[in-house]
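Chain naming here is simple, since letters A, B, ... match the order of the sequence lines and numbering starts at 1 in each.
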Amino acid sequence: MAEKYKVDKDLVRMEIVDFTFPEKEYRTSRHDTVLPYNWALGPTWTRFFDGLKEGKILGTRCKKCNKVLVPARTFCPICYEDMQEWIELPQEGSIETWCLVNYKYYGQVKEPPYIIAQIHLDKADCSLTHFIGGFNLSDPDKVRGKMKTVSRVKAVWSKEKHGDIYDIAHFKPV
Amino acid sequence: MQKVGIVEVTQSSGVESPLSLMEFTYKPVKELLDKVDMRRDEVDMYILAATDVFHSGMSCANAFDWDASGAFMKPASREEGDAITAFVYGCMPIMEGRYDTVLVVGLIKGSENPENDTLTSFVADPFYSRPVGIQETTAAAMQMRLYLQRYGITEEQCAKVVVKNLGNALFNPYAHIKKRVNVDDVLNSERICDPLKAMECAPKSEGVCAMLLASEEKAKKLTDKPVWFKGWGSSMDTFYLGDRDLLDTQLKAAAASAYKMAGVSDPRKEIDVAEICEPYAFQELLWCEQLGFCAQGQGGKLIDSGVTQITGALPVNPSGGVLAMNPYVARGLYRVAEAALQIKGKAGEHQVDGKVNTALAHSTYGFCGQWQGVVILGS
Ligand SMILES: [Zn+2]
């Protein structure tokens with residue numbers, strides 16, 4: 001927090017330090033809104049994130065359509081029925097689609113370049129969104145070439161786990 | 001059910017404005033009321049479309065929007081999705097015969113808020129998608145790669161959409177981006193989010209669009225050329241990208257419902273002009289397929305054929321579309337306004353050649369076209 005915001009004592013509000021608007025030729029008034037929120041995860045997502053902490057990727061199976069969805073769900077969105085059966089999924093899968101992020105914007109989750117992908121885990125009936133990594137991403141042309149040859153990926157776990165989606169660091173080519 | 005006529009429309013330019021949001025909103029609404037020679041209190045109802053939290057930051061729609069649009073002390077409502085639904089909500093009380101006139105306003109000043117990608121990351125769920133970098137551009141880039149791979153659409157075909165739409169925008173006095181570009185310019189622009197290039201992504205624009213709707217009798221009194229509301233359809237997909245086939249959006253369902261209501265059986269032949277929402281160039285091709293303008297996977301061939309050019313048999317985005325001007329939230333009402341102007345024959349320099357009897361307006365929001373809405377207008 002200390003590096004990201006400064007407190008304007010006169011106005012009693014915080015300002016984001018590392019964001020600037022382009023110079024304007026007319027008078028403007030800058031306001032940055034910094035507000036705390038605290039969201040309940042609920043039992044299903046809590047169990048999913050606890051699973052990640054133990055190095056497991058958990059999904060749930062719908063008793064009606066038999067589909068396995070990951071991240072785990074409390075109910076199947078299509079059938080609108082409870083999902084009560086828990087499944088531990090294999091940590092390997094195939095890439096459905098991906099993009100190479102090579103530009104900057106405020107609030108970005110990671111220093112570019114990075115790859116975001118839709119990863120279809122084996123035995124799942126949907127894709128999980130996560131990063132692809134574990135190789136050099138600095139040359140976009142080489143990345144495109146390499147990604148043409150990659151179809152299978154597996155989860156790489158973070159050294160420190162906090163029970164969130166970052167417990168998986170990324171997926172790497174098998 | 002009563003007929004609903006579009007009497008008149010006004011719009012602001014998409015270019016950055018030094019006016020405050022309140023002044024900027026007031027001007028096109030005032031211009032509209034002056035054009036139809038009505039006082040603000042003579043309008044029966046107002047529907048506004050604005051997102052006062054992320055796309056404004058002021059979070060005080062009740063302080064500014066109502067006064068600026070002349071809507072206070074009247075029946076009024078505001079919606080946050082896309083202004084194309086504000087248009088439909090405006091039609092409804094006229095259809096049921098409750099009101100004779102409704103004024104619809106969509107408003108935003110894009111120059112006052114952070115980048116689109118910063119803001120749209122807040123549309124992603126905060127537990128699974130937002131932390132791994134999902135926002136409109138990254139989601140669209142993944143959708144584009146799937147589109148290129150599954151149907152063999154080429155990057156050149158996607159670039160042609162930019163060339164066409166920015167070319168059309170040169171003749172639209174309200175457009176934000178005015179630049180003649182060729183396919184190579186687009187292909188050589190920075191690959192910001194491979195396969196998406198910088199020039200294939202819509203800008204962020206200012207935009208206030210105001211529209212007066214009226215019952216049949218009232219509309220005929222207020223204008224010699226009312227444009228009639230014929231049909232409407234919308235559908236919202238599930239939010240999680242991994243649960244969806246990103247190339248099979250709810251646009252098919254939205255279009256089917258709008259065509260049914262309007263009695264359109266062959267859209268490719270019966271629709272004379274379409275204003276569609278393409279925040280990313282390839283999406284115009286994909287949306288054209290799902291609107292039934294060509295078969296699935298044939299969006300590339302459609303642009304190659306020249307049919308969607310302003311001089312073609314089915315011009316798409318003669319105004320320049322969203323690639324030339326992207327006022328979030330208001331952009332759907334702009335599509336309806338432009339479609340209406342084409343039917344009236346009052347689009348000015350970007351008026352299409354042939355007679356326009358039936359026009360389509362489309363809008364979308366959410367990742368990869370999660371929500372889709374289609375409006376059909378007739379002469
Ligand atoms: Zn199910």
Side-chain angles (χ1 to χ4, degrees), chain A residues 16 19 21-22 24-33 37 39 41 45 48-49 67 69-71 73 77-78 96-110 112-121 124-131 140-141 143-144 147 164-166 168 170, chain B residues 16-20 53-54 57-59 111-122 124-135 137-150 190-196 198 201 237-247 367-368:
Chain A
I16 298 159
F19 185 90
F21 281 99
K24 306 282 184 187
E25 286 164 3
Y26 49 91
R27 275 280 292 281
T28 57
S29 173
R30 175 168 164 166
H31 286 248
D32 299 1
T33 308
Y37 292 87
W39 300 304
L41 282 176
W45 293 345
F48 174 79
F49 286 128
K67 281 188 175 161
L69 299 183
V70 60
R73 320 289 165 92
I78 298 290
E96 289 280 307
T97 183
W98 58 278
C99 65
L100 173 64
V101 183
N102 208 1
Y103 71 112
K104 290 192 175 198
Y105 59 92
Y106 176 72
Q108 198 159 16
V109 293
K110 216 172 159 101
Y114 52 91
I115 294 174
I116 308 173
Q118 294 297 112
I119 301 147
H120 197 130
L121 293 177
D125 292 293
C126 65
S127 295
L128 182 74
T129 309
H130 220 295
F131 304 116
D141 291 330
V143 171
R144 265 200 303 281
M147 286 300 284
D164 59 35
I165 198 70
Y166 293 135
I168 300 173
H170 54 255
Chain B
E16 180 173 337
S17 164
L19 296 180
S20 73
V53 181
F54 286 121
M58 289 192 199
S59 71
S111 68
E112 299 186 347
N113 54 49
E115 301 106 300
N116 288 339
D117 295 329
T118 301
L119 294 176
T120 61
S121 73
F122 286 99
D125 80 87
F127 310 114
Y128 301 110
S129 309
R130 198 183 305 170
V132 291
I134 292 296
Q135 28 88 346
T137 302
T138 52
M142 289 196 284
Q143 186 183 36
M144 177 174 173
R145 188 178 308 282
L146 215 51
Y147 191 42
L148 302 182
Q149 282 175 354
R150 192 180 298 171
E190 205 184 340
R191 294 183 87 92
I192 57 164
C193 194
D194 191 290
L196 267 178
C201 307
D237 210 335
T238 180
F239 83 97
Y240 195 63
L241 290 177
D243 287 7
R244 298 191 235 155
D245 176 350
L246 299 181
L247 299 184
F367 303 128
C368 303

Side chain, backbone, both or neither: which part of [X] has an atom under 4.5 Å from a heavy atom of chain B?
X: A:Val70; value: backbone
X: A:Arg144; value: side chain
X: A:Glu96; value: backbone
X: A:Leu41; value: side chain

The reported gap from SG in A:Cys99 to CD in B:Gln143 (rounded to nearest 0.5 angstrom) is 12.0 Å
Do B:Phe127 and A:Phe48 have their ring centres less than 6.0 Å from each other?
no
Minimal non-hydrogen separation, [X] against [Y], with atom names:
X: B:Gly133; Y: A:Ile116; answer: O-CD1, 3.4 Å
X: A:Phe131; Y: B:Pro131; answer: CZ-O, 3.8 Å
X: A:Ser127; Y: B:Tyr240; answer: O-CE2, 3.3 Å
X: B:Met142; Y: A:Trp98; answer: CG-C, 3.8 Å
X: B:Val132; Y: A:Val109; answer: C-CG2, 4.2 Å

B:Thr118 side-chain N/O to A:Tyr106 backbone N/O, donor-acceptor pair under 3.5 Å:
yes
Would the distance check show the side chain of A:Thr97 and the main-chain N or O of B:Arg145 forming a donor-acceptor pair, the cut-off being under 3.5 Å?
no
Is the shortest side-chain heavy-atom distance between A:Phe19 and B:Glu115 below 4.5 Å?
yes
Flag side-chain contact, heavy atom, 4.5 Å: A:Asn102 against B:Ile192:
no
Less than 4.5 Å to any heavy atom of chain A: does that hold for the side chain of [X], its backbone, both, or neither?
X: B:Arg244; answer: neither
X: B:Ser111; answer: both
X: B:Ser121; answer: neither
X: B:Asp237; answer: neither
X: B:Glu190; answer: side chain

Just do the side-chain contact (heavy atoms from CB on, under 4.5 Å) check on A:Tyr103 and B:Asp117 with the steps written out, would you?
CA-CA 11 Å; A:Tyr103 71 112; B:Asp117 295 329; 2.7 Å; yes
Just checking, any donor-acceptor pair under 3.5 angstrom between side chains of A:Tyr105 and B:Asn116?
no
Any ion pair linking A:Asp141 and B:Arg191 (charged N to carboxylate O, less than 4.0 Å)?
no
Take B:Asp243 and A:Lys67 through the salt bridge (charged side-chain N to carboxylate O under 4.0 Å, His left out) test and state the conclusion after the steps.
CA-CA 11 Å; B:Asp243 287 7; A:Lys67 281 188 175 161; over 6 Å; no
